[in-house]
Protein chains: 2
Amino acid sequence: MAVVDHVDESIIELLTRDARMPFSEMARVLGRSTSLIKRRVEAMRESGVIPGFTIAADPSRFEGTEAVVEIFCRGNVSTTELRTLLGGLDGVVTAVSVAGAADAVVILRAPNNEALGEIVETLRASSRIERTRTSIVLDRLAH
Amino acid sequence: MAVVDHVDESIIELLTRDARMPFSEMARVLGRSTSLIKRRVEAMRESGVIPGFTIAADPSRFEGTEAVVEIFCRGNVSTTELRTLLGGLDGVVTAVSVAGAADAVVILRAPNNEALGEIVETLRASSRIERTRTSIVLDRLAH
DNA sequence: GCTGAAAGCCTTGACCC
DNA sequence: GGGTCAAGGCTTTCAGC
């Protein structure tokens, strides 16, 4: 199990805000040496704490549609099953299992409403899913 | 409106895969000069095509709690108001306004359940928000 | 609009505590 | 685990086309 201490947390915070920030600048901000920052980042990448660096919000939002889909399962469906179910699905931006009214919440993205509809159809076709509740994203408020 | 040509698209593709890729390397891959790459990236950041660079998937799975919060507003609340409301809030990973049952969906992250509770409390304190519906994230299924 | 070159900064890796 | 330092690479800027 990866252990993440206070320095690692600070690094993650900085990189989340700007993944291109130079190690040397992080070192200055955190009052540590550049090589330490480098080693920590490398260690976190290897252990999977930091899976990679990417563009903050996907530029595809300039075209296409997004939706938040709540998934209600039939009976008890394991996390593994959910993962398999969603793994083969196109357009999944984020998917989490939750404790609440729904069993899982998925954020989908597609080129247009029609394509989005097809993805939701695919989901509904599963015998393990009882119903879904879709909200179309109108606007991005943060991040 | 921002115009994105073929070079810009290639840059976005490379940066999506690795936001820390050096400009000089992108220049080699794309057969262009380093200065061109730099200027294009700067232009895209300014125009908002690239909002920023961050860590690919969030590290929260190692510590802390996440929650999906649906927000139901009192009467009509504009996107601008929602943005202001959520702008001052800690732990906001993603926030979108939606067409559906709720008015907005927010994904929150906090060090623990207590801190998460406080953030939701802050939200509820707003006179513009009628009620919220919180689902705690149990597991990350994708991304 | 794009390139190329020079100066300075950053990263890297070996070495030491 | 953490710091220092030198070599080489990267970024940045701007003259030139």
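Within every chain, numbering begins at 1; the chains are lettered A, B, ... in the order of the sequence lines, protein sequences first and strands thereafter. What's counted below: heavy atoms across the whole structure, side chains too, no hydrogens, waters or symmetry copies.
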*Does anything in residues 29-38 of chain A reach DNA chain D, meaning a heavy atom under 4.0 Å, and if so which residues?*
A/Arg32, A/Ser33, A/Ser35, A/Leu36

*What distance do A/Leu108 atom CG and A/Thr94 atom OG1 have between them, rounded to the nearest 0.5 Å?*
9.5 Å

*Quickly work out the A/Met21 CE to C/dC10 C1' distance and round it to whole Å.*
14 Å

*CA sep, side-chain torsions, deciding dist, call: B/Val105, A/Ile107, side chain to side chain contact (heavy atoms under 4.5 Å, CB included)*: CA-CA 10 Å; B/Val105 176; A/Ile107 296 181; over 6 Å; no

_side chain to side chain contact (heavy atoms under 4.5 Å, CB included) evaluation trace for B/Leu82 with B/Cys73_ = CA-CA 9 Å; B/Leu82 275 173; B/Cys73 293; 4.0 Å; yes

*Mind checking which stems touch DNA chain C? I mean at least 3 consecutive Watson-Crick or G-U pairs, both distances under 3.5 Å.*
C:1-17 with D:1-17

*Under 6.0 Å from the CG atom of A/Asn112, do we count more than 12 heavy atoms belonging to anything else shown?*
yes

_With salt bridge (charged side-chain N to carboxylate O under 4.0 Å, His left out) as the test, pick out the partner of B/Glu42 among B/Arg39, B/Lys38, B/Arg45._
B/Lys38

*Whole angstrom is fine here: how far is it from CG in A/Asp5 over to P in D/dG1?*
10 Å

*Could you tell me the separation between the CZ atom of A/Arg45 and the P atom of C/dT11, rounded to a whole number of Å?*
14 Å

_Euclidean distance, B/Asp8 CG relative to B/Met44 CE, rounded to 0.5 Å_ = 4.0 Å

*Hey, is the main chain of A/Thr122 close enough, under 3.5 Å, to the side chain of A/Ser126 for a donor-acceptor pair?*
no

*What nucleotide among D/dT4, D/dT11, C/dT11 has an atom nearest to a side-chain atom of A/Pro22?*
C/dT11

*N or O in side chain of A/Arg20 less than 4.0 angstrom from D/dT11 OP1/OP2*: yes

*Would you kindly give the CD-to-P distance between A/Glu25 and D/dT11, to the nearest whole Å?*
15 Å

*Rounded off to whole Å, could you give me the CD-to-P distance for the B/Glu42 and C/dG1 pair?*
15 Å

*Using whole Å, report how far CZ of A/Arg28 lies from C1' of C/dT11.*
13 Å

_Shared hydrophobic cluster, A/Ile136 / A/Val92 (ILVMFWY, side-chain heavy atoms < 4.5 Å)_ = yes

*Calculate, to the nearest 0.5 Å, the distance between atoms CZ and CD1 belonging to A/Arg20 and A/Ile55 respectively.*
10.0 Å

*Using a cut-off of less than 4.0 Å, is there contact between a side-chain N or O of B/Arg39 and OP1 or OP2 of D/dT13?*
no

